[in-house]
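Every heavy atom of this structure was used, including side-chain atoms; hydrogens, water molecules and symmetry mates were not. We number each residue from 1, following the sequence as shown. Not measured: the values here are computed from a predicted model.
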Amino acid sequence: MSQRLRPPAPGRRAFLGLAAAGAAMTLGAAGFSRLAGAATGRVLASTAPLPPAPFAVPLPIPPTARPARTEDGADVYELEQREGQARILPGLTTTVWGYDGIFPGPTITARSGRRTKVRVHNNLTVPTVTHLHGGITPPDSDGYPTDLLLPTRCAPGQSRPHAGDAHGGQTTVAYRTYDYPVPQQAATLWYHDHRMDHSAPQVWRGLAGFFLITDDEEDRLPLPRGDRDIPLMLCDRSFNEDGSFRYPDHAHDTFPDGVLGDVQLVNGAPWPLLEVSGCRYRLRLLNGSNARRYQLRLDVEGGGRGRFVHIGSDGGLLPAPQHLDAIDLAPGERFDVIVDFADHPVGSRITLRNTAGQGPMRDVMRFDVVRAARDSTRVPARLSNRFEALTPTEGMPVRTFDFRRTSSGDDQQMWTINGKPFHPDTVLACPRLGSVERWRFSSDFHHPVHVHLAQFQVIARGGHPADAMDAGWKDTVDVRPYEVVEALVRFTGYKGRYMLHCHNLEHEDMAMMGTFQVT
Ligand code: C2O
Ligand code: CU
């Protein structure tokens, strides 16, 4: 699989020092506190008229994909990346780049231990890469950013399809089959585009969907299921006058900190409404935004708060549930929670609020309790017996990954890990398969750090024990400004080439990525 790769063009990755200096000053002025509500990017204002009022459209639920066939005991899915038309803003049509032409893409439901194959056809006009975020996946199927699936169609005005970026060695294939053995426990995962230098605009245009894993242990729990088990993809977008997605042409010059939209979407609908029965629901919260962070809480109209019961992290069920009044959700992270709407009388209106947002972006969606209901579900005191808490040991390999902006000379700056921008030929670490390592992530800004393949447990944050919100197996952790997060990372599954990176997608496209090789 190895290809000789030419170094990426530096122009795409560097950004002007001036803008960076401005951002650094903002951080400095706010001090070294947790900067809970600090901006993590800049708002790109829509030029389209925005919906006059929130909570006017019903929450859509992405359709569940059906396997096209079963092959040697594997469920095989066919997904076509293509343009589709969506009605997102009132009276306007938005062209999305979607898996099967929809945004979010179809939800894939996989079974732990049962092989799932996803054959992706690229009928867009740009190369793509698909990554299963949170998956324990063989390296060839992990969506390394240069493992392109080239398009078979020509862009308007071109006489031949896109031949790939300057990485060499690609041939056009009609499809690419991603092989997911799914060796892991029940969890909420997602898939999205991961093309080098272009993930941010391609995800912004719609290339993302849910991938849910179920297993026997979870099946035995009396948790809400069916239409009371609801995936919620939270993301922000901006729109042009004609309804098309608005994204800057040169984000690295103008939006080096990240692009924030001014329309809050949940499952692709702006500020939607869900009518619920007075009973428990399982909500699978995913932050699918490029750069926006959420601090979520439930505000009851007329006063009072709703409660979250946290049952699962990125990697699956927690050993035991915990109550949370608020949830910090950084790009790429997932929180599985139970909300009991029986706590509120019929007629209650409960707004999911983002206290880190401003103006209309403080609202996410609303739940209206419209009927009473019988409820036979429970949240048991014990959720998963598979969870094993890791502890640091003497002699465990320790590595530091420092996420920060670095000058590349000439008043140019770059987002770097340990002072270096991503280069496909550079390997930052070679952990051994089966081992546990102690990784320290440090940062100068908010950087949601995501590790492919290996899940981890956060043991310390800013010199203190981990927060309640850091509980469980994680694959993404928000490293806050001037903070050090320590995690115990377990390398299971496969040997090969994987990566870690910042999941602020603009930072990722500006080369805040690194490769590790499991040996
Ligand atoms: Cu969700 Cu490497 O990404
Ligand atoms: Cu970052």
Side-chain angles (χ1 to χ4, degrees), residues 27 34-35 38 40-41 131 133-135 142-143 145 189-190 192 194 199-200 203 257-258 286-294 313-315 328-335 390 397-406 414-422 426-429 431 436-463 466-467 469-491 498-516 518:
L27 283 181
R34 305 263 291 243
L35 289 178
T40 52
H131 169 58
H133 181 129
D142 194 51
L189 274 50
W190 63 306
H192 61 78
H194 216 296
S199 299
V203 171
D257 292 347
L286 157 67
N287 185 348
S289 305
N290 283 26
R292 181 174 293 276
R293 293 166 58 257
Y294 297 83
S313 58
D314 299 336
D328 290 356
L329 194 64
E333 279 188 303
R334 288 88 67 214
F335 272 71
L390 301 177
V398 179
R399 300 181 204 270
T400 299
F401 299 95
D402 183 42
F403 288 73
R404 76 181 53 239
R405 72 178 88 228
T406 301
M414 304 185 98
W415 291 116
T416 58
I417 302 177
N418 294 346
K420 298 263 186 320
F422 176 69
T426 306
V427 174
L428 298 185
V436 175
E437 297 198 350
R438 182 172 185 160
W439 284 14
R440 294 199 168 109
F441 305 121
S442 56
S443 95
D444 61 344
F445 192 73
H446 278 285
H447 296 296
V449 172
H450 171 44
V451 182
H452 286 208
L453 177 78
Q455 296 180 352
F456 53 80
Q457 294 173 12
V458 177
I459 54 167
R461 186 183 268 287
D467 289 354
M469 281 185 275
D470 294 320
W473 285 109
K474 303 278 298 162
D475 56 53
T476 308
V477 62
D478 195 25
V479 184
R480 298 180 285 218
Y482 309 105
E483 197 177 56
V484 177
V485 169
E486 287 203 64
L488 299 179
V489 192
R490 190 173 68 176
F491 297 87
Y498 293 94
M499 61 175 1
L500 78 159
H501 60 86
C502 178
H503 218 289
N504 176 315
L505 296 184
E506 279 76 30
H507 298 189
E508 177 181 337
D509 279 355
M510 288 172 229
M512 200 172 226
M513 303 195 289
T515 298
F516 63 90
V518 181

Does Val484 offer a backbone N or O that forms a donor-acceptor pair with the side chain of Ser442 under 3.5 Å? no

Keeping the roles fixed (side chain from Gln455, backbone from Trp473), state whether a donor-acceptor pair exists under 3.5 Å. no

What residue among Asn287, Asp478, Asp328 forms side chain to side chain donor-acceptor pair (under 3.5 Å) with Arg293? Asp478

Parallel, tilted or perpendicular: which one describes the rings of Phe403 and Phe441, with boundaries at 30° and 60°? perpendicular

Check for a donor-acceptor pair, side chain of Asn290 on one end and backbone N or O of Gly258 on the other, with a separation under 3.5 Å. no

Kindly indicate whether the side chain of His194, heavy atoms from C-beta on, has any atom under 4.5 Å from the side chain of His133. no

Applying side-chain contact (heavy atoms from CB on, under 4.5 Å) to Trp439 and Val449, what does each step give before you reach the verdict? CA-CA 11 Å; Trp439 284 14; Val449 172; over 6 Å; no

Check: Ala291 main-chain N/O paired with Thr40 side-chain donor or acceptor under 3.5 Å: yes

Short side-chain to backbone donor-acceptor contact, Arg334 and Asp314, under 3.5 Å: yes

Write down the atom of Met469, the atom of Phe335, and the distance for their closest heavy-atom approach. O-CZ, 3.4 Å

Are the side chains of Leu453 and Val518 in contact, using a 4.5 Å heavy-atom criterion? yes

Drop me the distance from Leu189's CG to Asp475's CG, to the nearest 0.5 angstrom. 7.0 Å

For Asp142 and Tyr498, indicate whether the former's side chain and the latter's backbone hold a donor-acceptor pair under 3.5 Å. no

Approximate separation, where rounding is to 0.5 Å, of Leu428 CG and Met499 CE: 9.0 Å

Test of ring centre spacing under 6.0 Å for His501 and His452: yes

Which value, rounded to the nearest 0.5 Å, describes the distance between Met513 atom CE and Ile417 atom CD1? 8.5 Å

Take the angle between the ring planes of Phe445 and His507 and call it parallel below 30°, perpendicular above 60°, tilted in between. tilted

For Ser313 and Ala471 the tightest heavy-atom approach is CB-O, 3.4 Å

Closest non-hydrogen atoms of Asp444 and Arg405, given as atom of the first, atom of the second and distance, are OD2-N, 2.9 Å

With a 4.5 Å cut-off on side-chain heavy atoms, are Leu500 and Phe401 touching? yes

Under 3.5 Å donor-acceptor, Thr515 side chain and Val427 backbone: no

Taking the six-membered ring where the residue is Trp, are the ring centres of Trp190 and His503 under 6.0 Å apart? yes

With rounding to the nearest 0.5 Å, note down the distance linking OH in Tyr294 to CG in Leu286. 9.5 Å

The reported gap from CD1 in Ile459 to CZ in Arg440 (rounded to nearest 0.5 angstrom) is 8.0 Å

Would you confirm whether Asp509, through its side chain, and Glu506, through its main-chain N or O, come within 3.5 Å as a donor-acceptor pair? no

Please name the pair of heavy atoms, one in Gly332 and one in Thr476, separated by the smallest distance, quoted to 0.1 Å. O-OG1, 3.9 Å

Can a donor-acceptor pair be found, under 3.5 Å and without considering hydrogens, that links the side chain of Asn504 to the backbone of Pro331? no

Would you give the length of the straight line joining atom CG of Asp470 to atom CD of Glu486, rounded to the nearest 0.5 angstrom? 12.5 Å

Checking the side chain of Thr416 only, and the main-chain atoms of Arg404 only, is there a donor and an acceptor separated by less than 3.5 Å? yes

With a 4.5 Å limit on heavy-atom distance, are the side chains of Asn418 and Asp402 in contact? yes

Do Arg438 and Pro397 make a side-chain contact, defined as non-hydrogen atoms from C-beta onward lying under 4.5 Å apart? no

Under 6.0 Å between ring centres: does that hold for His131 and His450? yes

For Leu505 and Glu508, the nearest pair of non-hydrogen atoms, with its separation, is CD2-OE1, 3.2 Å

